[in-house]
Amino acid sequence: MLAASVNRRDFFRASSVGGISLVVGFYLGLPTRSAEADVKSEGPFTPNGWIQIDRSGQITVLIEKTEIGQGIFTALSMIVAEELEADWSHVRVEHVPVTDAYQNMTTGGSHGIIRSWMPLRRAGAQAREMLIEAASKAWAVKRETCRAESSTVIHQPTGRRLAYGALVESAVQLPELNVEVVKLKDPRDFRLVGKRAERKDLPAKINGTASFGIDVKIPGMLYAVVARCPHFGGRLLKFDDTMARAVPAVADIFPIDPLPRYENTAGGVVVVAENTWAAIQARKKLKIQWDKGPRGDESSASLREAAQAQLSGPATFVAREDGDPDAALAATARKVEAWYELPFQAHATMEPMNCTIDLRPDTCEVWTGTQWPGVIQQQLSRLSGLPGQSIKVNCLWSGGAFGRRGQWDYTAEALQIAKKVKKPVKLIWTREDDMQHDFYRQLSYHHLVGGLDGQSLPSVWTHRIVSTSIREVFDSPEQLKDSRRVASQEMAGAADIPYFVPNFRNDFAPLPSAVPRAWWRSVESSFNTFVVECFLDELAYAAGKSPLDFRLALLREDRKVTNPMYTDQVCDTARLRTVLQLAAEKAGWHESMAQPQGRGIACYFGFDTYVGHVAEVLVENGAVRVRRVVTAVDCSTAVNPDGVKAMIEGSVNFALTAILKGEITIKDGAVEQSNFHDYQVLRIDQAPEIEVHIVASAERPTGMGEPGVPPLAPAVANAVFAATGKRIRRLPIRAEDLK
Amino acid sequence: MAEMKLSINGEVKRVSVDPAMPLLWVLRDFLDLTGTKFGCGLGLCGACTVHLDGEAVRSCQTEVGKVDGRKIRTIEGLAADRNHPVVRAWLDEQVPQCGYCQSGQIMQAAALLIKNPKPSDEDINAAMVGNICRCGTYQRIRRAIHRAAQGGQ
């Protein structure tokens, strides 16, 4: 399988300008968690990442994952350094140059760590063994008498030492070892993995030198903003730029077309100027008439009305059906029925979308923050007509991503502008552009009916999901005839409930909309887990049981529950019980709490990780205050435990915006919100105390970017019920829902 | 357009721009001081926070024509002192995630500690409520401010 030696030599030669380095390649694969098949290359091994050790002993890990704040650069280089027995202070991380060999490189779905664990360990071990081999040859001793430690090979009988840098020249002459037979370290001997490590990217992020996409400046560059059609699916009718052209430093004003389906750009009027401020000022002076387009009458009210019909009409897709739910419902004497709704949500990354581009007759170079550099390279090739190898994508730090930078709309716009401007140009989105032209979290409506049997356990559970499907945004009409495909990113968290219910159905009906939507941190689990974990609380209450005991009773048997939508996701009920019990114990679940205070619990399995949250709230003056969140997480090996904690803290705060504050609403086929005054986000005064407890494990580490988000909303809503007796069935929580 | 002399991080910088231009864009587009970030353009998020005569201000709401002759300090100037207690505390507490808002957070926190060397949690809330972090590093920001106030302990 591994023809790595050829590639290593090729890469080694290609990089020899910078001096001799030992280079070991690895390949970090694709996530399988998607509707698309996991296309595996049958060709020769083509690395998309390298470990490079130079003669000074500097170790550079080049990886294809982008650093969007999740700490992946640090975690992945820790794995390499562990097996390599490297001195951590000698290790640095870079993003690989994006060329057309790596079109699939993507950062998302919380898959970075799980997919990289074994390839990085093997590559690190391979480099370590080559360095040991080189040292043993230099000393003419048996390699078994040598070992590596802290970037040094030691001959144990004599105590002689050779630093890695001094071994590079001889190590590169050795034949490459077969990574399949290289011995990996016993996890009990780990000295770096599992311990707190300082993040490699932080020194630059606290002194103003970290370069984000928006900070790029290239000689002769102009600045562009776009007045986009605010109505989704609408078009530019006409515009008058007389006043705008009078603004000093304005270089050009021209229209661009919308790019439908694939890029989903709105089109509009471009203003190019010698500085950002002039471009923004001139844009304000444009007089533009828009055609609202075929969906110009769409509103939150019209969507709500359409959703009601879909909640009671026929399903287009059944994700899972067990037993005979209809007969069980007819037979049950104790029925619970509820409707839930959750709005569109914005990503609102702190760095608005932007892209800098230098388009030449034969080449195109872009600088941007992205989660999907490979697809940018591919799409810019298609849109420019230039071959893939002529497109260079430079990945800079991303000022937040949360799924938003899995889109490439802003790079496509930059290319449209560059074609006209014929100079390097930086496209900047203002906050208003970013808020009104996002790819939002889906809008969803839910109808659930449950029944209890004689032992007060659920005998039946039905759940209809009506949502604005993500696939509708990207797929062709032909593809959308496949009803499973339409629902493929709408059901997780609902179809795979881990609780045992003998008669069960989870089905779907679509809610067509002109509003663009895509992946928002934890995607469909962000709404389905809210609904499922709140409804379970409703059943527990009807059964007269404590929310914790009820959950543990339904999880009491050790079972493996496969997600019917993502079959590589298999929940182990024993591990879910563990996080529930640990969170409850650490939170003091059994201690009493007087109203209007309350405690709520919820759990989640997804992205291969188990999370239990206990939230404590105080409800007064028509507002919910989340005071404390206690979390138990099982992410197998916690590579950098402080990074795991940071991801839980971030997930809790991110989720709280959608629980307490933010909501995107639609009028005239356009977004009503525009900036942080009308799309409120969580601020420090409402940030709760957070405690994170990590379940000890030596298994393959699993994702942390997203799984902390889904169970927080139900934990808070269940706490509100404990505090007030009021059920929260829509988000964000409104004062009127607390009365 | 007007010729202006700006005192930034202890140096005199000359620029020729529209005096109505916000200081933010002068720093970023003309002086290459890109540590100060654009977040909202309306003074709602705090990403653009700098010090004006020692006070935290939103540079996106500060016309450059009105700061002539006043002392401006940006993140680059503050962090030039690698031992600055706030900068050190930010590293010790491993505060940033994406890092984009952190220049503004650090400038706001440093201004708070000048006025109030031992802030309570409520003081921190009042001073920092204007600075948004979407990654959700608020708990660490709070800890880092307390740490800086205690001389790094």
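All values reported here derive from a predicted model rather than from experimental measurement. All chains are named by letter (A, B, ...) in the order of the sequence lines, taking the proteins before the strands, and each is independently numbered beginning at 1.
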Got a salt bridge between D215(A) and K37(B), using NZ or NE/NH1/NH2 to carboxylate O under 4.0 Å? yes
Segment of L682(A) engaging chain B (4.5 angstrom heavy-atom cut-off): both
Proximity breakdown for D201(A) and chain B, heavy-atom pairs closer than 4.5 Å: side chain
Bottom line for R82(B): the part with an atom under 4.5 Å from chain A's heavy atoms is neither
What part of E432(A) gets within 4.5 angstrom of chain B, counting heavy atoms only: side chain, backbone, both, or neither? side chain
Grab the two heavy atoms, one from C40(B) and one from N675(A), that are nearest each other, plus how far apart they are. O-ND2, 3.1 Å
Of the backbone (N, CA, C, O) and the side chain (C-beta and beyond), which part of S398(A) lies under 4.5 Å from a heavy atom of chain B, both, or neither? backbone
Does any heavy atom of chain A fall under 4.5 Å from the side chain of D18(B), the backbone, both, or neither of them? side chain
Using non-hydrogen atoms only, which part of I280(A) is less than 4.5 Å away from chain B: side chain, backbone, both, or neither? side chain
Using non-hydrogen atoms and a 4.5 Å limit, figure out which bit of A20(B) sits close to chain A: side chain, backbone, both or neither. backbone
Short side-chain to backbone donor-acceptor contact, R134(B) and V681(A), under 3.5 Å: no
Can you tell me which portion of A655(A) sits under 4.5 Å from chain B's heavy atoms? Options are side chain, backbone, both or neither. neither
Without swapping roles, check the side chain of Q94(B) against the backbone of R199(A) for a donor-acceptor pair under 3.5 Å. yes
Per-residue contact mode, A348(A) against chain B (heavy atom under 4.5 angstrom): both
Taking D642(A) first and then R140(B), would you say they form a salt bridge - that is, a charged N and a carboxylate O separated by under 4.0 Å? yes
